[in-house]
K.L.:
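A single structure is presented below for examination.
Computed from a prediction, not measured in an experiment: that's the story for all the values here.
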Amino acid sequence: MDIAQMFPQILACVNIQDKDLFCYPIPTSKSLEEVQPVIGLPLGVYPQVRVSLYVQDEDGQGQPLNIVSKWRKMMVTEPQKKLCVVVPYRDGCIGMQQGEGRRKNLHIFLDYMVKFLKEAGRQAFEIIITEQSQEGLFNKGVLFNIGTHVSEDRGCEYVTLHDVDQIPTNPRNDYHFVDRPLHMCTYSTQYDYLQWPPGMHVGGVVMSSMDSYRAMNGYSNKYYGWGLEDNDQWYRIKRVFGEIDRLPQQIGHYRDLPHPRIMGLDMTVEYNDSKAVLEELKNSEGLEYIETDGYAQVSYYTEIASVTEESPHVVRALIHVLKNGDRQPPC
């Protein structure tokens, strides 16, 4: 039955085993079968529940509609925390990054992930594309950090930091909330071998609550060009939390989306600079070093050009990544 065509304001009253009664407004776009009476109910399993619908008068009184559901069993759980999937992205600037074919990767990724997350039971989620402008060296750590800022502004309570060319294959990998950082992409079809543990990195996909992300000050902002920011993140997690939580490889199984790969990016001046940054972190002690470089300092490395809602689950932020406080030249 389409309630919206009949009445503008509806109350759903939930009868618990003929004892307790809870009433609350429901969206008139919902059918009776879709009504999920969770607002105002204590957590738990209810063996006998039925829902009655009422019209709400101007004075707040309810008039019965004589529409009553059958007795049924119902489980009431806590509302889900909102997830943001942060995806650094740039198509182009070939030769300075693995940037060719990324537009096609992104198109496949968005279609696949929206469907996958819905089927996994995620009810509140957004995918935040942090697109770097066609200026200068790519900086994935900066894009993760600014994407997490955008996520926080949009009410997300946890994030997954996600490469655009990795998509999950196991439905048991349901992207539910965890408090501690979790390395999710523990096996990728990009490589033709199994390695456990996957190594001193958290590449591909890593999840973190907002509190945990702040505790390790996110990603470093100092890795320009390709590589090593995921190794830096491994050390941050290890230093703050002691151990690296990882999905079993059967569950953390990801399929890589193919794109042309640029060889020799680990032989550039920028890569050698990144190695020096990583060594500086490894040789430091305590938290003082990571507290001076990361999520809290990302505003010094970015200018946000725009933030656009592209669809109900997709937001795109166009970012200028700065170096030494200045915009980088076009690439």
Side-chain angles (χ1 to χ4, degrees), residues 78-90 106 109-110 112-114 116-118 120-133 138-164 166-168 173-185 202-221 223 229-230 232-233 236-237 240-241 245 290 293-322:
E78 291 183 352
Q80 288 188 6
K81 297 181 184 297
K82 184 176 179 181
L83 163 68
C84 272
V85 179
V86 180
V87 186
Y89 166 78
R90 181 166 70 178
L106 181 63
F109 179 91
L110 291 176
Y112 183 94
M113 286 302 298
V114 169
F116 183 91
L117 291 171
K118 287 181 177 179
R122 302 278 67 76
Q123 299 169 5
F125 70 88
E126 288 185 326
I127 298 174
I128 310 295
I129 307 163
T130 48
E131 179 177 3
Q132 183 171 335
S133 66
F138 192 68
N139 190 317
K140 190 167 75 168
V142 164
L143 295 177
F144 276 147
N145 285 336
I146 199 65
T148 302
H149 268 292
V150 173
S151 301
E152 191 168 19
D153 290 344
R154 299 185 66 83
C156 290
E157 296 166 276
Y158 67 115
V159 290
T160 55
L161 300 313
H162 216 299
D163 284 359
V164 70
Q166 301 292 333
I167 55 176
N173 184 6
D174 63 4
Y175 285 63
H176 68 271
F177 173 83
V178 296
D179 187 49
R180 287 169 50 93
L182 174 68
H183 187 204
M184 301 174 70
C185 181
V202 287
V205 187
V206 62
M207 178 181 288
S208 177
S209 69
M210 287 297 185
D211 287 342
S212 293
Y213 200 83
R214 293 188 204 96
M216 58 192 177
N217 204 15
Y219 276 73
S220 170
N221 299 303
Y223 291 86
E229 69 283 328
D230 294 320
D232 183 291
Q233 186 69 357
R236 287 172 179 250
I237 296 173
V240 174
F241 296 96
D245 295 341
I290 64 176
D293 168 38
Y295 181 59
Q297 292 78 29
V298 71
S299 61
Y300 300 106
Y301 294 83
T302 54
E303 289 181 7
I304 300 179
S306 62
V307 178
T308 307
E309 294 185 6
E310 297 196 339
S311 71
H313 289 290
V314 178
V315 176
R316 187 187 298 252
L318 180 61
I319 309 297
H320 300 302
V321 173
L322 311 181

K.L.:
Measure across Gln166 and Cys185 and return the closest heavy-atom pair with its distance rounded to 0.1 Å.
P.N.:
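Minimum heavy-atom contact is OE1-SG, 4.1 Å.
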
K.L.:
Can you list the residues that meet the side chain to side chain donor-acceptor pair (under 3.5 Å) rule with Asp163, with sequence neighbours excluded?
P.N.:
Lys140

K.L.:
Supply the atom-to-atom distance Ser299 OG to Leu322 CG, rounded to the nearest 0.5 angstrom.
P.N.:
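Answer rounded to 0.5 Å: 9.5 Å.
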
K.L.:
Sequence neighbours excluded, which residues qualify as salt bridge (Lys or Arg N to Asp or Glu O under 4.0 Å) partners of Arg180?
P.N.:
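Salt bridge (Lys or Arg N to Asp or Glu O under 4.0 Å) check on Arg180 returns Asp245.
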
K.L.:
Nearest 0.5 angstrom please: Arg122 CZ to Phe177 CZ, how far?
P.N.:
11.5 Å

K.L.:
What residues, two or more places apart in sequence or in another chain, satisfy side chain to side chain donor-acceptor pair (under 3.5 Å) together with Tyr213?
P.N.:
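Partners of Tyr213 by the side chain to side chain donor-acceptor pair (under 3.5 Å) criterion, ordered by chain and then number, come out as Asn145.
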
K.L.:
For Asp179, enumerate each residue passing the salt bridge (Lys or Arg N to Asp or Glu O under 4.0 Å) test, keeping only those at least two apart in sequence or located in another chain.
P.N.:
none

K.L.:
Closest approach of Val202 and Val206, non-hydrogen atoms and distance?
P.N.:
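Scanning both residues, the minimum pair turns out to be O-CB, 4.1 Å.
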
K.L.:
Please round to the nearest 0.5 Å and tell me the distance separating atom CD of Gln233 and atom CD1 of Ile290.
P.N.:
9.0 Å

K.L.:
Name all residues meeting the side chain to side chain donor-acceptor pair (under 3.5 Å) criterion together with Glu309; count only those two or more places apart in sequence or in a different chain, and write none if there are none.
P.N.:
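Checked Glu309 against side chain to side chain donor-acceptor pair (under 3.5 Å); matches are Arg154.
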
K.L.:
Taking Ile167's backbone N and O only, do any of them form a donor-acceptor pair with His162's side chain (distance below 3.5 Å, no angle check)?
P.N.:
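It does not hold such a pair.
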
K.L.:
Please report the closest heavy-atom contact between Asn173 and Pro168, naming both atoms and the distance.
P.N.:
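What the structure gives for the nearest pair is ND2-CB, 3.9 Å.
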
K.L.:
Answer yes or no on whether Lys81 is positioned over the face of Tyr158, meaning its NZ or CZ is under 6.0 Å from the six-membered ring centre and within 45° of the axis.
P.N.:
no

K.L.:
Do Ser151 and Met210 make a side-chain contact, defined as non-hydrogen atoms from C-beta onward lying under 4.5 Å apart?
P.N.:
yes

K.L.:
For Thr302, does its backbone N or O pair with a side-chain atom of His320 as donor and acceptor, under 3.5 Å?
P.N.:
no

K.L.:
Taking side chain to side chain donor-acceptor pair (under 3.5 Å) as the test, write out the residues that go with Ser208, two or more places apart.
P.N.:
none

